[in-house]
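The next block holds one structure in the form of structure tokens; read it before the comments.
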Amino acid sequence: MFDLNQINAAAERLSGVAIKTPVLPLSSDRWPGLPDAEVTVKLELFQQAGSFKARGAYLGVNDLTQAEGAAGVVAASGGNHALAVSWAAKAAGVNAQIAMPKATDPERIKLCRAMGAEVTLHDDMAAAFAEMERIAAQGATLMHPFEARHMILGAAVCGVEYLSQVPEIDTLVVPVGGGGLIAGMALAFKLLRPEGQVIGVEPLGADSTTRSLAAGRPVVLEEVATIADSLGSPKALPMSYAMAAAHVDRMVHIADDDMRAGMRDFADVLRIMAEPACAASLAAIKGPLRDDLAGRRVGIIACGSNIGMARYQSLLS
């Protein structure tokens with residue numbers, strides 16, 4: 001989909017706007033249970049709007065024509081994508097309408113509104129998507145959370161940036177929701193390290209990409225059941241699925257309790273209040289991947305964290 005020249009050009013467009021997020025080496029004395037490997041984590045929770053999605057959202061909003069910008073953008077999300085679109089639209093001076101489920105963490109709703117987005121609340125995510133499509137039919141540009149070239153390109157920029165910071169990585173472990181993050185990061189990683197290994201991580205109750213790769217086609221889940229709402233996509237879609245099929249070497253499952261343990265690790269070691277998705281890669285390398293990663297140079301992604309204190313405490317109580 002993209003070559004390195006295109007990815008580097010996108011990185012130039014993001015220079016001075018997106019944050020070059022820090023990378024932290026993890027040691028087993030502070031992070032018990034790590035594999036016998038060299039491990040680093042890229043802290044994407046320190047990105048603009050609190051997640052990796054900011055790069056792709058900014059690229060998408062800044063690709064709009066003058067007429068499209070005047071008509072504004074619309075998104076449906078209960079998570080980090082809503083915040084990223086709200087931030088990118090504000091930065092570009094574009095109106096953003098965000099349809100969110102009523103069950104969304106109130107902190108996320110408040111932050112979207114604080115950035116100037118028009119937020120409407122709906123019974124569930126299906127109803128929010130219906131509202132998004134209604135508004136898009138009236139002329140606003142639809143900003144999809146993962147099935148979009150600009151979102152995959154933004155994730156590829158993140159991948160190239162990570163390898164510029166830690167060139168020796170030979171294994172990349174990436175959380176998977178809809179698949180946009182792993183699609184872009186895996187592409188970048190394979191362009192720079194074709195011999196490297198890319199592993200995707202999904203919750204047991206939201207494994208649309210794992211099932212799609214096994215079936216050889218995008219599939220739709222009958223039910224989503226996980227505490228990681230940012231990883232709760234009910235289906236895979238053709239573009240991101242094709243990228244994963246081309247570049248991802250393996251998928252693994254983690255349980256909700258694995259993510260809870262990772263959330264506690266971030267709190268205990270870094271004093272960071274991580275949402276479940278943010279802890280997914282850490283949970284995977286301490287769990288199902290622990291023995292397989294011995295002797296490797298591993299990079300993991302803390303993909304983002306926008307969570308209110310009340311929800312955080314309820315998940316860990």
Side-chain angles (χ1 to χ4, degrees), residues 19-54 79-80 83 105 107-108 158-159 161-177 181 185 199-203 226-231 252-317:
I19 295 166
K20 185 174 183 178
T21 54
V23 171
L24 181 71
L26 306 188
S27 58
S28 56
D29 56 337
R30 297 194 69 198
W31 301 80
L34 287 180
D36 184 15
E38 295 180 22
V39 181
T40 59
V41 57
K42 186 161 177 60
L43 296 169
E44 280 294 291
L45 71 161
F46 294 136
Q47 187 51 263
Q48 300 280 18
S51 82
F52 76 94
K53 286 183 177 287
N80 292 322
L83 290 153
D105 186 332
E107 185 68 17
R108 294 174 177 175
C158 181
E161 181 178 292
Y162 198 173
L163 281 172
S164 75
Q165 295 167 300
V166 193
E168 62 270 20
I169 292 174
D170 60 32
T171 303
L172 193 62
V173 182
V174 184
V176 180
L181 176 61
M185 293 203 73
I199 303 172
V201 181
E202 285 188 309
T226 177
I227 62 170
D229 49 4
S230 295
L231 304 182
V252 296
H253 288 114
I254 52 172
D256 284 354
D257 280 347
D258 298 328
M259 287 183 282
R260 288 188 176 97
M263 292 166 69
R264 293 187 179 97
D265 284 340
F266 274 104
D268 292 344
V269 180
L270 298 181
R271 302 298 185 263
I272 284 175
M273 196 167 72
E275 68 172 276
C278 187
S281 290
L282 177 64
I285 67 168
K286 291 180 65 174
L289 293 173
R290 188 172 185 273
D291 293 338
D292 296 346
L293 296 179
R296 302 191 72 89
R297 297 181 175 93
V298 181
I300 68 173
I301 313 297
C303 56
S305 192
N306 287 292
I307 188 168
M309 179 63 75
R311 175 159 171 75
Y312 180 83
Q313 291 179 332
S314 72
L315 290 176
L316 293 184
S317 64

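As the structure is a prediction and not an experimental result, all values here were calculated from the model. Hydrogens, waters and symmetry mates are skipped; everything else that's a heavy atom, side chains included, is used.
Between the D170 side chain and the R297 main chain, a donor and an acceptor come within less than 3.5 Å of each other. Counting only distance, with no hydrogens or angles, the side chain of N306 and the backbone of A49 share a donor-acceptor pair below 3.5 Å. With hydrogens and angles ignored, the 3.5 Å screen pairs no side-chain donor or acceptor of R108 with any backbone N or O of L83. Of the possible donor and acceptor atoms, none in the side chain of S51 sits under 3.5 Å from a partner among the backbone N and O of C303. S230 contributes no side-chain N or O that, together with a main-chain N or O of P276, makes up a donor-acceptor pair within less than 3.5 Å. Side-chain atoms of D258 never come within 3.5 Å of backbone atoms of A283 as a donor-acceptor pair (strictly under, hydrogens ignored). Although no hydrogens or angles enter the test, the distance criterion places no donor-acceptor pair under 3.5 Å between the side chain of R296 and the main chain of P35.
What you find for T40 and P25 is that their closest heavy atoms are CG2-CA, 4.1 Å. In terms of heavy atoms, S314 sits closest to S317 at O-OG, 3.0 Å. Of all non-hydrogen atoms in A274 and Y312, the two that sit nearest each other are O-CE1, 3.5 Å. Scanning all heavy atoms of the two residues, the minimum distance from A228 to A277 falls at CB-N, 4.1 Å. Scanning all heavy atoms of the two residues, the minimum distance from R260 to I227 falls at NH2-CG2, 3.4 Å. Across C158 and E44, no two heavy atoms sit closer than the pair SG-CD, 3.7 Å.
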**Message:** Show, in sequence, the C-alpha distance, side-chain angles and deciding distance for L24 and L270, and conclude whether the side chain to side chain contact (heavy atoms under 4.5 Å, CB included) test is met.
**Reply:** CA-CA 11 Å; L24 181 71; L270 298 181; 3.7 Å; yes
**Message:** Please determine whether side-chain hydrogen bond (donor to acceptor under 3.5 Å, both in side chains) holds for the pair T21 and Q47, giving the CA-CA distance in whole Å, both sets of side-chain angles, and the decisive distance to 0.1 Å.
**Reply:** CA-CA 6 Å; T21 54; Q47 187 51 263; 5.0 Å; no
**Criterion side chain to side chain contact (heavy atoms under 4.5 Å, CB included) on Y162 and L172, from CA distance to verdict** = CA-CA 10 Å; Y162 198 173; L172 193 62; 4.0 Å; yes
**Criterion side chain to side chain contact (heavy atoms under 4.5 Å, CB included) on L26 and I300, from CA distance to verdict** = CA-CA 10 Å; L26 306 188; I300 68 173; 4.1 Å; yes
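The CG atom of D105 lies 11.5 Å from the CE atom of M309; values are rounded to the nearest 0.5 Å. One finds the CE atom of M185 at 7.5 Å from the CG atom of L163 (value rounded to the nearest 0.5 Å). Put simply, NZ on K42 and CZ on F52 are 13.0 Å apart, with the number rounded to the nearest 0.5 Å. For the atom pair CG of L282 and CD1 of I301, the computed distance is 12.5 Å after rounding to the nearest 0.5 Å. Separating the CG atom in N80 from the CG atom in D229 is a distance of 8.0 Å, to the nearest 0.5 Å. Between the CG atom of L316 and the CZ atom of R264 there is a distance of 5.0 Å, given to the nearest 0.5 Å.
Between K286 and W31, the closest side-chain pair of non-hydrogen atoms is not below 4.5 Å. Inter-residue side-chain proximity for L315 and I307 is flagged as met; some heavy-atom pair is nearer than 4.5 Å. Considering only heavy atoms from C-beta on, L231 stays 4.5 Å or farther from T226 through its side chain. Inter-residue side-chain proximity for Q165 and K20 is flagged as met; some heavy-atom pair is nearer than 4.5 Å.
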